[in-house]
Visitor: 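The structure that follows is given in the form of structure tokens.
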Amino acid sequence: MLQITPSRRRALLWAALGIGFGLAYRYLVVQQHWIGHLCDPGDGPWWCGPRTGLILFFQYSGFGILAVLTGALALWRGHAWAIHTALAAGGAGLVLYNAETAGIGFVMGLVAALRQPAAADDKSITGEERT
């Protein structure tokens, strides 16, 4: 049976954060017409530049490429930061129009997270109950 260890819980948290960021950014910033019209003339508020940069990032599959690269690294080396980055970037990319590549990276990060051994004091490794 699959045990929810602290490292797996952290991985799920990073996946949820990535999906949450993607949903919030998509529906609160990108798809709001009034924000687009405010930034269109080129002389909008200071945050129009970063908004445009992030839109260009996901238009060119930035989240998907980041998820695939860090997912491959996570499978190869098993680094926790690579797993978390693959899950967060993959989750964001799934809702920010990078579903093809981001989905691959997200699954790679998920597989790497599930391959992580449990902590030494976990019941699944030692077979003993924690007190």
Visitor: Return the CH2 to SG distance between Trp47 and Cys39, rounded to the nearest 0.5 Å.
Guide: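 Between Trp47 CH2 and Cys39 SG, I get 4.5 Å after rounding to 0.5 Å.
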Visitor: Of the non-hydrogen atoms in Leu96 and Arg26, which two are nearest, and what is the gap between them?
Guide: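 In this case the closest contact between Leu96 and Arg26 is CD2-CB, 3.7 Å.
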Visitor: Would you kindly confirm whether Trp76 and Trp81 end up in one hydrophobic cluster when ILVMFWY residues are joined by side chain heavy atoms under 4.5 Å apart?
Guide: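 The answer is yes; both residues are in one hydrophobic cluster.
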Visitor: Taking all heavy atoms of Leu28 and all of Ile35, pick out the closest pair and write down the distance.
Guide: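 For Leu28 versus Ile35, the nearest heavy atoms are O-CD1, 3.5 Å.
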Visitor: Using 30° and 60° as the class limits, which term best fits the ring planes of His84 and Trp14: parallel, tilted or perpendicular?
Guide: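 It falls in the parallel class, under 30°.
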Visitor: Give me the atom names and distance for the closest heavy-atom approach of Leu87 to Ala11.
Guide: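 For Leu87 versus Ala11, the nearest heavy atoms are CD1-O, 3.3 Å.
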Visitor: Indicate, with yes or no, if Ile104 and Val107 share a hydrophobic cluster defined by side-chain heavy-atom contacts under 4.5 Å among Ile, Leu, Val, Met, Phe, Trp and Tyr.
Guide: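 Yes, one cluster joins them.
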Visitor: Got His37 and Asp40 here, is their nearest side-chain heavy-atom distance under 4.5 Å?
Guide: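 Counting from C-beta outward, His37 and Asp40 do come under 4.5 Å.
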Visitor: Show the nearest heavy-atom pair for residues Ala99 and Leu94, with the distance to one decimal.
Guide: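 Looks like O-CD2, 3.8 Å.
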Visitor: Should the ring pair Phe63 and Phe58 be called parallel, tilted or perpendicular, given that the plane angle runs from 0 to 90° and is split at 30 and 60?
Guide: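 Answer is parallel, since the angle falls under 30°.
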Visitor: With rounding to the nearest 0.5 angstrom, report the CG to CG distance, Leu75 to Leu110.
Guide: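 Rounded to the nearest 0.5 Å, the CG-CG separation comes to 10.0 Å.
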Visitor: If you group Ile, Leu, Val, Met, Phe, Trp and Tyr by side-chain heavy-atom gaps below 4.5 Å, do Phe57 and Val29 land in one group?
Guide: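 Per the 4.5 Å side-chain linkage, Phe57 and Val29 are co-clustered.
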Visitor: Is it the case that one hydrophobic cluster holds both Met108 and Val111, taking links as side-chain heavy atoms less than 4.5 Å apart, direct or via other members?
Guide: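 Met108 and Val111: one cluster.
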Visitor: Minimum heavy-atom separation for Ile65 and Thr101, please, with both atom names.
Guide: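 Shortest heavy-atom contact: N-OG1, 4.2 Å.
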Visitor: Hey, what do you get for CZ (Arg8) to CD1 (Ile83), rounding to the nearest 0.5 Å?
Guide: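 Result: 10.5 Å between the selected atoms.
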Visitor: Before you tell me yes or no, could you show the steps for Tyr25 and Gln31 under side-chain contact (heavy atoms from CB on, under 4.5 Å), namely the whole-Å CA-CA distance, both residues' side-chain angles and the distance that decides it to 0.1 Å?
Guide: CA-CA 9 Å; Tyr25 195 75; Gln31 289 189 348; over 6 Å; no
Visitor: Quick check for you: to the nearest 0.5 Å, what is the distance between Asn98 atom CG and Phe106 atom CZ?
Guide: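 Output value for this atom pair is 14.0 Å.
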Visitor: Identify the two heavy atoms, one from Phe21 and one from Ala92, that lie closest to each other, and give their separation to 0.1 Å.
Guide: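 Smallest heavy-atom distance, with atoms named: CD2-CB, 4.1 Å.
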Visitor: Under a 4.5 Å side-chain heavy-atom rule over Ile, Leu, Val, Met, Phe, Trp and Tyr, are Leu56 and Trp46 clustered together?
Guide: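 Looking at the clustering, Trp46 is in a separate group from Leu56.
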Visitor: To the closest 0.5 Å, what do you measure between CD (Gln59) and OG1 (Thr52)?
Guide: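 OG1 of Thr52 is found 9.5 Å from CD of Gln59.
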Visitor: Got a second to check how far Ile4's CD1 is from Leu12's CG, nearest 0.5 Å?
Guide: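 Here the rounded value is 6.0 Å.
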